[in-house]
K.L.:
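My structure is below; once you've seen it, I'll send some questions.
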Amino acid sequence: MFKKVLIANRGEIALRVIRACKELGIKTVAIHSEADALALHVRAADEKVCVGPAESALSYRNIPNVLSAAEITGVDAIHPGYGFLSENAHFAEVCESIGIKFIGPSSENIAMMGDKAKAREIVAKRGLPVTPGSPGELRSEEDALQAAQKIGFPVIIKATAGGGGRGMRVVNKAEDLGRAFQAAQAEAKSTFGNDGVYLERYFLEPRHIEVQVLADQHGRVIHLGERDCSIQRRHQKLVEETPSPAVDDKLRREIGRVAVEAVKAAHYRNVGTVEFLLDKDRQFYFMEVNTRIQVEHPITEMVTGIDLIKEQIRLAAGHPLSIRQQDVILTGHSLECRINAEDPEKFTPSPGTITKYNPPGGFGIRVDSAMESGSVVVPYYDSMIAKLITHGRDRQESTARMKRALGEFVIEGIKTTIPLHRRILDDPDFQKGHVSTTFLERFLAG
Amino acid sequence: MFKKVLIANRGEIALRVIRACKELGIKTVAIHSEADALALHVRAADEKVCVGPAESALSYRNIPNVLSAAEITGVDAIHPGYGFLSENAHFAEVCESIGIKFIGPSSENIAMMGDKAKAREIVAKRGLPVTPGSPGELRSEEDALQAAQKIGFPVIIKATAGGGGRGMRVVNKAEDLGRAFQAAQAEAKSTFGNDGVYLERYFLEPRHIEVQVLADQHGRVIHLGERDCSIQRRHQKLVEETPSPAVDDKLRREIGRVAVEAVKAAHYRNVGTVEFLLDKDRQFYFMEVNTRIQVEHPITEMVTGIDLIKEQIRLAAGHPLSIRQQDVILTGHSLECRINAEDPEKFTPSPGTITKYNPPGGFGIRVDSAMESGSVVVPYYDSMIAKLITHGRDRQESTARMKRALGEFVIEGIKTTIPLHRRILDDPDFQKGHVSTTFLERFLAG
Amino acid sequence: MSRRRSVQTRPRRIVLPKAENETSQEISLTGGSTKQIQELIDLLRRNNLTELEFERQGIRIRIRHELSTRPLVTSAQDSVPTPLQQPMHSASAVTSVSDASTGFVTITSPIVGTFYRSPSPDADPYVEEGEFVKKGQVLCIVEAMKLMNEIESEVDGRLVKILVESTKSVEYGQALFLIDPRAAS
Amino acid sequence: MSRRRSVQTRPRRIVLPKAENETSQEISLTGGSTKQIQELIDLLRRNNLTELEFERQGIRIRIRHELSTRPLVTSAQDSVPTPLQQPMHSASAVTSVSDASTGFVTITSPIVGTFYRSPSPDADPYVEEGEFVKKGQVLCIVEAMKLMNEIESEVDGRLVKILVESTKSVEYGQALFLIDPRAAS
């Protein structure tokens, strides 16, 4: 096992990793920017190194300074957390080359999964379901029609160079395809200077379902069930839960099997998350593999009892998986609300000093946060300041607990998304488990 | 189900009950003394009633004022917590007579179990093991010798009127009995003015093992495994854990069966705890039944996932047990440290203002407390200010988590037992699970 | 429990010394007007401040909002204030300042129960505002557990104010009456 | 990464204005003596206070112990201070007061690495205390990732103090040298 680990991150995830290391008897080194000199993750670690000014490109993302910090403190491994350098294949590669273990998958794994098209290709080759789409760029209306008829309507036309909704057209039937194709091409041309477009199956109200996987150095892979992360705002997850109200035991086994096969196909190691899209007909499609620990990993920990960070560290140290698939028992239901330092209606950031911070407590409550009364939420980084996680015997109980805990949570001095979460929990559709990735948009409009 | 419940208690247990009520959608009424007007349990409740001055005899134990508070707020039930009126059969009886449900066993149950001799008699009659002892007062040395030979050495001679160790003599062999009997009689006479003495089996380094039971109105009884509460100082528990390192599956089934039979014999209802003494030879003996929710109930909740307060409320409302014995699955290991506002070496109370209160967080950590920064620990009541509870896959993990969490827990402005707990956790005997009711005495002396 | 005349637990008196240089209802800031201090507290709360300090004509008032929700009001003359050592019930002490300035005696409820101004629904009230009362005179009944507890006056004086409506519930220590002992007939 | 002469990230200068009415090492309270303020801080800490205020001869010093562990030192003139809006690095500003009084320039490390005073183990140090240095002159090397980074002086002046021992590790922003720019030869 490692003797000393450097945590190349900040905030709650840095503290989360430090806590796991302490429980494993591993010494820790925190890095920090000048803006975080007094942060809790810095005070919680055994050693600390300032690696640069507030801007993350010059500090937390500054590979030379982070690696120098690792060298001068003599650590044998680096935990990257999420964000920052966690999915940087080059960083993982340099770590490997200087003999410092990168706690995560190999740099090859990261590079391969970072190329989304390549990842889909590998998975599709294995005969696993990926989102149906045209093989490549469409050259003509004829091409588009053939592809659409093969995929089935509705379809969405997207610009290959696209993004942000520009150049996109949803087409419900064959008659409308020609006009939409031309319009999308024209818009792509005028917006991106490139009229390349392609087709994909268009899903109505899909769910975002992801499966947590663990893989050891010996090629053994297990999964820890799914997480339903459908409640998103602009692709930012806000509320996550497990089990998903839309996944029954049979579907869980199927989707779990596909997730395990997908990472096996990629010779993937360490922890990872396989993302799927689940449509209204309960068909699921592979989207991508996240090669880091996820923000929402705690809900999986709550229902499995497995400490994912410790498992990640053990796997990185070369230990074999300590659990077999049949030992994974999902108990109860867990919910996570991300508390952001944001205006709960306008979503504008709300940095500042937290004048009062009283987290909720009691049975079934977990708070992952690096905040305390007097903490300063600096404006340079992610706005998430706390994760409130509940566990209950069933969805009803964990939801009731979440409502109770949100009511107890006192954060003064800044604005947070707590009021938004309270409103979401009161929503009848949410209570019935009727959510999709379009839920929040409708909810906020309504 | 009840619509509104009055919580006839204060501090962490009052907040614990309020939290359970909130999750069940039940309105709450807090009572408080003048000293607790600003306490967290008061602010957390929907309504509050001041029931008297600081002295608990005039406020929290003031039956007329507590019942008047229940009447003017129109509650349909009272939760007594632990301590105060929780084991007061008269209070339970008055509640019953005025049609307010007492959330606990019947007044008859409380009265019967409050008479320890009677409780042992009922249990012994059923053929269950109780601590072996002379049937009554010993009239002569001859009597004593007969009883001792029947029970087996070593024995302890105790004054019937006794207490505080006076008049007690441990006897290891028959030859020493005569002199010890006379000495004990003489000491009993001079100390208590009554030379009555009796004999009991003397246990070397026994463990305090208790079994949580649940009983519904239909006579169904289940148990939720044991708690090992051997680490005590002057009969005050300090650290509790479940499962006990001394109890294996077979012993757990046996002791659980005896606990269930004991409460069935007494026609006991609601939640209760059956206390046993476990000797070095793994023989266990019934001691008594506690007719209230226990301070250490959270560790049972952690390993079973069952919310005992909610279950207690449901049972009091006449609901049948929601769990069968075979549905009770014990997962992992849980540990509780009681954090008292005391000098960790001299055990003198340390009331005052908590200038800074930062509870630990993260996976497997639970804090039950009604404190926050700025809270005042008043000198009128129990010194316990927080219960720190951890859960892990095994004893090693929950213990490592406890060490980590104790290190994170910041309570400034008063002294607490946190340093003592950190020392206990570092003790090699504790780490091996080699503890008994004499552990702490030796530990503090050493 | 027997019918009692508020003997077992005596009504609590709150008598605070009269401020010196008062001349009207609208007390000047130097006299420690709660109204003006309350305005400062509101200002502090509205702006979510930890502290607010006000200085005029040699008087300085500092208000600190501690971690608990209660505001601590200090009109400090000391050079080294130690706000942590404030008495626990500073908030209630602040709400009693107006009593202090008037010198009224507050009669509080010694028990929890229901307040009745008359011995029975069709009887006359024991007392009315403006009347003079004698020490030991019954002022009201507080019903608790079906028992009627008569609450007596602690002092001779004029009944200035009845603070609770008949049939309303009262808690321990709740103020029931204001009596002006200086107006004793 | 290429061999660099501390160009990519420039050493940070901390130059604070010299206090005006200073006459000796032992500064009077009116001049803002850190020693006497430190005594007040110690008093605050010993007594576990949130706040300590001291007023004398028209000078008022208030020290508040915020929830985080750093003490904020304010010598306030405003009537309504809002301590929440203190700059984040007030603590470091306080520790730099002595620099302010001396007017020295601090040369800090622009990178994380290992500090070397000489280009190789058997070579002479680049500079010694007391020597005069020129702007742009190499003062030391900070090794990071097997690369030697030469750190140059930002100013002309006399090297007053070398703050780090050779072969010790340094973090970003760590003070390496004190230079007195007034002593430029």
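Chain identifiers are assigned alphabetically (A, B, ...) following the order of the sequence lines, protein sequences preceding nucleic acid strands; residue numbering begins at 1 within each chain.
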K.L.:
Looking only at heavy atoms and a cut-off of under 4.5 Å, which of Leu15(A), Ile389(A), Ile306(A) has the most pairs with chain B?
P.N.:
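The option with the most such pairs is Ile306(A).
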K.L.:
Of the listed residues (Met302(B), Arg401(B), Lys22(B), Arg16(B)), which shares the most heavy-atom pairs with chain A below a 4.5 Å separation?
P.N.:
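Most heavy-atom pairs under 4.5 Å with chain A: Arg401(B).
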K.L.:
Please determine if Arg19(B) and Glu408(A) form a salt bridge, counting it only when a charged side-chain N lies under 4.0 Å from a carboxylate O.
P.N.:
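Yes, this pair counts.
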K.L.:
Looking only at heavy atoms, which two atoms of Ala400(A) and Glu23(B) are closest? And how far apart?
P.N.:
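Taking Ala400(A) first and Glu23(B) second, the nearest heavy atoms are CB-O, 3.5 Å.
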K.L.:
In Å, rounded to the nearest 0.5 Å, how long is the span from CD1 of Ile365(A) to CD1 of Ile365(B)?
P.N.:
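If I round to the nearest 0.5 Å, the distance is 14.0 Å.
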K.L.:
Side chain to side chain donor-acceptor pair (under 3.5 Å) with Asp368(A): which residues, sequence neighbours excluded?
P.N.:
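Counting only residues at least two positions away or on another chain, Asp368(A) forms a side chain to side chain donor-acceptor pair (under 3.5 Å) with Arg366(A).
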K.L.:
Among Lys310(B), Arg404(B), Glu397(B), Lys387(B), which residue has the highest count of heavy-atom pairs closer than 4.5 Å to chain A?
P.N.:
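Answer, by heavy-atom pair count under 4.5 Å with chain A: Arg404(B).
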K.L.:
Just to verify, what does Tyr357(B) make a ring-ring contact (aromatic ring centres under 6.0 Å, His included) with, not counting sequence neighbours?
P.N.:
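ring-ring contact (aromatic ring centres under 6.0 Å, His included) list for Tyr357(B), sorted by chain: Phe409(B).
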K.L.:
Taking every heavy-atom pair that is under 4.5 Å apart, which of Gly361(B), Ser369(B), Ala405(B) has the most such pairs with chain A?
P.N.:
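Of the candidates given, the most pairs with chain A belong to Gly361(B).
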K.L.:
Heavy-atom distance under 4.5 Å to chain B: side chain of Thr304(A), backbone, both or neither?
P.N.:
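Neither part; nothing is under 4.5 Å.
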K.L.:
Using a 6.0 Å cut-off, check whether atom NZ of Lys4(A) has over 12 heavy atoms from anything other than its own residue.
P.N.:
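Enclosed: over 12 neighbouring heavy atoms sit under 6.0 Å from NZ of Lys4(A).
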K.L.:
Thinking salt bridges, do Glu301(B) and Arg393(A) make one under a 4.0 Å N-O criterion?
P.N.:
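Looking at Arg393(A) together with Glu301(B), the answer is no, because their closest N to O distance does not fall below 4.0 Å.
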